Amino acid sequence: MTNIDNVGVIDDDFAPAAAPARGKAREAAGAKVAVKGGKGLTIAIGVSAVIAIIGIVLWGMQLSGGMVQTAMRNLDSWGLYITSFMFFVGLSAGGLIISSVPKAFGIQGFGGISKVAVMTSIAATVAAIGMVVVDLGQPARVWELFAYSNLGSPLMWDIIVLMVYLVLSCVYLWAQVQHEKGKVSAVALRVISVIALVTAVMVHSVTAWIFGLQQSHEMWHTALLAPWFVSSALVCGTGLVMATVIALRAAGYLKLDQAYLVKLAKLLAVFLLVDLYFFGCDLLTEAFPAGSGLAVVDMLVSGPLAPFFWGEIILSVVAVVLCVVPQLRTTPLLAVAGILAIAAIFCKRVQLLVGGFQIANLDYASALTPFTVTNWEGNLAQAYQGMVYWPTALEFGVTLGVVALGFLVFFLGLKFLPLKPQGQE
């Protein structure tokens with residue numbers, strides 16, 4: 001660690017006065033970006049590439065046979081793809097926030113893991129965009145979205161902010177590398193980090209507004225959804241960064257003091273508690289008037305989505321315990337806590353998306369057929385009764401392929417980019 005002029009800025013990632021000297025020392029020593037990683041990393045890249053290719057083949061089958069091959073219908077028009085999209089946007093935003101906050105405010109960081117955190121954000125953003133692409137029935141017509149765009153639509157806001165976010169994440173990573181070489185000033189890096197922080201918050205807020213501004217869905221129409229999405233992003237993003245750096249340290253890629261992992265664990269516990277608080281506020285607001293919102297709470301607590309509801313609660317509580325009890329803050333258990341936090345947020349995403357389609361509060365004018373609803377016999381109420389979306393095998397395969405693409409991007413970053421902290425190259 002480096003102390004800069006005794007002002008309390010202690011951070012491997014942010015040392016403005018030392019950056020030019022480090023850069024000159026590296027260049028004098030002939031430092032260069034080296035291809036890193038051994039056989040294990042090469043195998044991981046190969047496996048990810050193969051699974052991604054299989055996913056592309058399955059996506060081709062989906063395109064040729066139509067979206068009817070999925071379990072999505074008019075009453076469940078979004079499914080696993082958009083659930084995963086929400087999930088990966090959260091992973092990406094959380095990772096970038098963890099990286100940008102220390103630089104934006106000039107405070108103590110997390111032991112030089114900033115570039116790895118940004119790389120997880122880039123990989124997760126690629127996966128999030130991939131989920132949107134495979135959800136399109138006619139991706140060849142995506143150009144029409146820009147040619148005839150409706151800037152008053154939250155969907156268009158999300159597309160714009162996602163593209164800006166991906167480009168900014170790449171620029172932010174490049175700026176960090178150049179800063180270490182003394183080619184980007186500390187002021188410029190701080191400005192970029194502030195912009196990255198604001199964009200990270202906005203990308204998840206806009207995603208929440210896609211759902212929260214829809215009056216036709218009881219479970220989604222709440223002003224709490226945007227801050228709730230941000231808190232969830234901090235949970236799963238911190239969990240991902242923590243699990244990733246533990247794995248990289250075990251593989252010998254990183255050297256990181258246990259104190260930094262403990263700091264991440266404490267942050268994760270705080271984020272989990274805030275997220276659970278928001279969840280409790282939303283449930284109380286839904287259930288207290290004893291109107292249609294009570295049906296939403298019943299569906300979550302004791303209905304078809306109860307496994308995901310209680311799964312989120314139990315996983316979150318266990319993760320908090322692992323993070324706050326000193327005797328339990330061992331490296332393996334901290335990795336478990338990070339994974340449990342990620343799983344808890346995925347359960348939340350399933351509840352939100354699937355549950356939002358289950359309570360009908362608008363009339364359905366068109367005919368009910370096997371191609372429009374899953375349970376189509378009888379009237380609208382019977383069509384909704386007991387109806388819970390579950391993906392087909394094709395959807396699972398395509399989703400796995402997109403996830404593999406995200407892993408492939410991350411592994412390639414580890415192999416070809418200088419992501420290690422200072423002094424560990």
Side-chain angles (χ1 to χ4, degrees), residues 83 86-88 90-95 97-99 101-102 107-111 113 116-117 120 124 204 224-225 227-251 254 256-287 297 300-303 305-352 355:
T83 301
M86 290 192 294
F87 176 67
F88 279 109
L91 286 176
S92 64
I97 289 171
I98 289 297
S99 173
V101 164
I107 60 178
Q108 186 175 353
F110 299 96
I113 64 173
V116 171
T120 63
H204 225 53
L224 185 61
L225 208 57
W228 194 8
F229 264 50
V230 174
S231 69
S232 298
L234 290 170
V235 169
C236 59
T238 305
L240 176 64
V241 171
M242 191 164 72
T244 299
V245 297
I246 289 175
L248 292 178
R249 189 176 72 168
L254 292 176
L256 189 68
D257 291 339
Q258 189 71 12
Y260 292 113
L261 290 178
V262 171
K263 185 192 298 186
L264 280 172
K266 291 178 180 178
L267 271 180
L268 179 60
V270 172
F271 295 151
L272 279 164
L273 292 174
V274 171
D275 196 65
L276 287 174
Y277 169 72
F278 283 158
F279 198 11
C281 291
D282 188 71
L283 291 175
L284 178 62
T285 306
E286 292 274 9
V297 178
L300 296 178
V301 175
S302 58
L305 293 179
F308 296 99
F309 172 84
W310 292 111
E312 178 192 354
I313 301 299
I314 295 172
L315 292 172
S316 297
V317 171
V318 173
V320 169
V321 171
L322 293 178
C323 290
V324 300
V325 177
Q327 293 81 0
L328 298 179
R329 287 200 292 250
T330 62
T331 299
L333 289 181
L334 288 182
V336 170
I339 295 172
L340 292 181
I342 294 171
I345 298 304
F346 186 79
C347 288
K348 180 190 296 293
R349 295 293 175 258
V350 173
Q351 294 172 71
L352 183 68

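These numbers come from a predicted model, not from an experiment.
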Atom of [X], atom of [Y] and distance for their closest heavy-atom approach:
X: Met86; Y: Phe229; answer: SD-CZ, 3.7 Å
X: Arg329; Y: Leu322; answer: CG-O, 3.5 Å
X: Ile339; Y: Ala243; answer: CG1-CB, 4.4 Å
X: Arg249; Y: Asp257; answer: NH1-C, 4.0 Å
X: Ile246; Y: Ala335; answer: CD1-N, 3.5 Å
X: Cys347; Y: Phe308; answer: CB-O, 3.4 Å

Under a 4.5 Å cut-off applied to non-hydrogen side-chain atoms, are [X] and [Y] in contact?
X: Leu225; Y: Leu352; value: yes
X: Leu283; Y: Leu300; value: yes
X: Met242; Y: Ile98; value: no
X: Leu264; Y: Tyr260; value: no
X: Leu240; Y: Ile342; value: yes

Output the distance between atom [atom1] ([X]) and atom [atom2] ([Y]), rounded to the nearest 0.5 Å.
X: Leu273; Y: Leu268; atom1: CG; atom2: CG; result: 9.5 Å
X: Leu276; Y: Ser231; atom1: CG; atom2: OG; result: 9.0 Å
X: Leu234; Y: Leu272; atom1: CG; atom2: CG; result: 10.5 Å
X: Ile113; Y: Leu261; atom1: CD1; atom2: CG; result: 8.0 Å

If you apply the rule side-chain contact (heavy atoms from CB on, under 4.5 Å), what do you find for Thr285 with Leu224, and how did you get there? CA-CA 10 Å; Thr285 306; Leu224 185 61; over 6 Å; no
Quick one: side chain to side chain donor-acceptor pair (under 3.5 Å) pairs with a partner in residues 232-241, sequence neighbours left out?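 Those involving residues 232-241 are Ser232-Asp275.
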With a cut-off of 3.5 Å and sequence neighbours excluded, list every side-chain donor-acceptor pair involving residues 312-321.
from: Glu312; atom 1: OE1; to: Gln351; atom 2: NE2; distance (Å): 2.8
from: Glu312; atom 1: OE2; to: Lys348; atom 2: NZ; distance (Å): 2.5
from: Ser316; atom 1: OG; to: Glu312; atom 2: O; distance (Å): 2.8

Test side-chain contact (heavy atoms from CB on, under 4.5 Å) on His204 and Trp228; report intermediate values, then the result. CA-CA 9 Å; His204 225 53; Trp228 194 8; over 6 Å; no
Going by the rule ring pair (Phe, Tyr, Trp, His ring centres under 6.0 Å), which residues pair with Phe87 if we only count those two or more places apart in sequence or in a different chain?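 Partners of Phe87 by the ring pair (Phe, Tyr, Trp, His ring centres under 6.0 Å) criterion, ordered by chain and then number, come out as Phe346.
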